[in-house]
Each structure stands twice: as C-alpha cells, then as structure tokens.
Amino acid sequence: MLPSRRRPKTAPSTDRPFERVWRLVRRIPRGRVATYGQLSDLVGRRLTPIGVGWAIRAAPEDSLPWHRVVNGRGGISTDNESPGLQRALLEGEGVRFGKDGRIDLDRHGWKPRQR
DNA sequence: GGTCTGACTAGGT
DNA sequence: AACCTAGCCAGAC
C-alpha cells in the first residue's frame with residue numbers, strides 16, 4: 001500500500017468500490033443469488049452492506065442483474081421501489097420462494113469459485 | 001470540510 | 001418470531 005500522501009486522490013475507476021460491486025454482481029449466474037453482506041465482504045468491506053445496495057441502485061439501468069442480490073435472510077429488499085418485480089424476475093430464472101417469501105440460500109446462494 | 005443518507009446486518013430484548 | 005439499536009462508509013451537496 002502506498003503511503004496515503006502519495007496515493008492519487010481519485011482512484012482509477014476500476015478500483016472504485018462501486019465498480020468493484022458492479023463487476024461482482026455481473027458474475028452472479030442465472031438462478032443464483034448473493035447477499036449484500038456477502039458482496040460487502042468480497043469488496044474487502046470498503047462498502048458496508050447498505051453501501052452495496054446504494055452502489056447497485058446507482059448503476060446504469062439494465063447494466064446489472066441487480067435482482068440477484070437479496071438480503072441476508074434470503075428476503076427481498078426492493079419492494080418499495082418496484083413491488084413484486086424482483087421476485088418475478090428471480091422466479092423466471094427458476095429461483096423458488098418459501099411460504100415466508102424467502103429464498104433458501106443454501107439452495108440458491110452464489111458461491112464464487114475464486115477471488 | 002462537515003453532514004446526511006441508505007435496495008443492510010448482527011446482536012440484543 | 002418480531003421488533004429495536006448501533007455500526008457501517010462512499011458519495012452527494
């Protein structure tokens with residue numbers, strides 16, 4: 001790590017936390033889901049889980065499979081924005097929801113192979 | 001530059 | 001199981 005005094009003020013865009021989150025989200029395969037906390041860990045906690053949500057919302061529309069990101073209990077956190085949409089998109093990929101409206105993360109959770 | 005804001009989470013009651 | 005709370009931190013203004 002460079003001493004902070006010598007680090008460029010603006011990191012290259014590929015290293016910015018938002019970009020890192022976006023790249024990760026694009027790696028989530030169809031029919032699998034990741035959680036905000038998991039993505040936060042994967043970016044080295046440079047964003048908190050709530051920051052991850054913000055990063056995803058800030059992405060250009062239709063640039064990410066944003067619907068594959070759910071909260072840590074397998075629940076949908078976007079129903080204030082677009083009620084029912086995320087669940088419908090996931091069901092369209094074969095993701096099953098329990099009676100409680102939650103996804104079984106053991107069954108559908110994304111387990112990145114590397115990085 | 002300080003302040004505010006979340007598509008969250010873990011831990012407590 | 002259903003609340004409550006503090007903590008988290010990059011970006012917007």
Side-chain angles (χ1 to χ4, degrees):
Chain A
M1 188 59 128
L2 247 36
S4 57
R5 235 177 70 254
R6 306 193 58 227
R7 218 181 321 160
K9 321 167 177 53
T10 313
S13 71
T14 53
D15 284 344
R16 282 162 45 205
F18 277 30
E19 296 283 351
R20 297 172 81 95
V21 169
W22 297 347
R23 284 206 306 279
L24 281 168
V25 173
R26 287 192 269 257
R27 289 178 51 203
I28 308 171
R30 274 179 60 88
R32 316 243 72 165
V33 297
T35 71
Y36 299 97
Q38 181 183 7
L39 295 174
S40 173
D41 287 342
L42 288 170
V43 298
R45 298 187 173 279
R46 293 178 58 207
L47 283 178
T48 58
I50 200 165
V52 169
W54 194 9
I56 294 171
R57 183 156 58 159
E61 267 195 273
D62 302 323
S63 66
L64 300 180
W66 59 269
H67 59 283
R68 296 179 189 145
V69 185
V70 299
N71 68 40
R73 302 172 317 282
I76 298 296
S77 298
T78 62
D79 273 347
N80 284 341
E81 302 252 324
S82 46
L85 176 60
Q86 184 171 10
R87 175 168 177 158
L89 290 170
L90 286 171
E91 288 180 324
E93 305 188 341
V95 174
R96 312 280 294 274
F97 285 73
K99 281 180 221 167
D100 56 4
R102 295 186 191 174
I103 298 163
D104 179 356
L105 293 177
D106 288 331
R107 180 187 171 95
H108 290 292
W110 177 46
K111 296 156 198 79
R113 296 287 169 146
Q114 57 220 357
R115 282 229 180 256

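The sequence lines fix the lettering, A, B, ..., with proteins before strands; numbering per chain opens at 1. What you see is a predicted model; the values in this text were computed from it and never measured.
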Review point. Would a 4.5 Å heavy-atom cut-off, applied to side chains only, mark A/Ser63 and A/Arg26 as touching?
Key: yes
Review point. Using a cut-off of 4.0 Å between protein heavy atoms and nucleotide atoms, how would you tag nucleotides 1-6 of chain C 5' to 3' with B, S and -?
Key: ------
Check your understanding: Are the side chain of A/Arg46 and the backbone of A/Arg16 linked by a donor-acceptor contact shorter than 3.5 Å?
Key -> no
Exercise for review: Among A/Leu90, A/Leu85, A/Val69, A/Asn71, find the residue that satisfies the side chain to side chain contact (heavy atoms under 4.5 Å, CB included) test when tested with A/Ile76.
Suggested key: A/Leu90
**Study point:** N/O donor-acceptor pair under 3.5 Å between A/Arg32 side chain and A/Val95 backbone
**Key:** no
Study note, to complete from the structure: Span of DNA chain B engaged by chain A, first through last nucleotide within the 4.0 Å heavy-atom cut-off, is B/dT5 to B/dT9
Point to revise | Side-chain donor or acceptor of A/Glu93 paired with backbone N/O of A/Arg68 under 3.5 Å | key: no
Review point. Under 3.5 Å, is there a donor-acceptor pair between the side chain of A/Ser40 and the main chain of A/Arg45?
Key: no
Check your understanding: Can you tell me if CZ on A/Arg96 sees more than 12 non-hydrogen neighbours from other groups inside 6.0 Å?
Key -> no
**Study point:** Exercise: identify the closest heavy-atom pair between A/Val25 and A/Pro65
**Key:** O-CG, 3.3 Å
Practice item. For the pair A/Thr35 (side chain) and A/Gln38 (backbone), establish whether a donor and an acceptor sit closer than 3.5 Å, ignoring hydrogens and angles. Key: yes
Exercise for review: If a protein heavy atom is under 4.0 Å from the base, mark B; if only from the sugar-phosphate, S; if neither, -; do that for nucleotides 8-13 of chain C going 5' to 3'.
Suggested key: SSBB--
Exercise for review: Pick base, sugar-phosphate or nothing for A/Thr78, based on heavy-atom distances below 4.0 Å to the nucleic acid.
Suggested key: base
Review point. Does A/Glu61 offer a backbone N or O that forms a donor-acceptor pair with the side chain of A/Trp66 under 3.5 Å?
Key: no
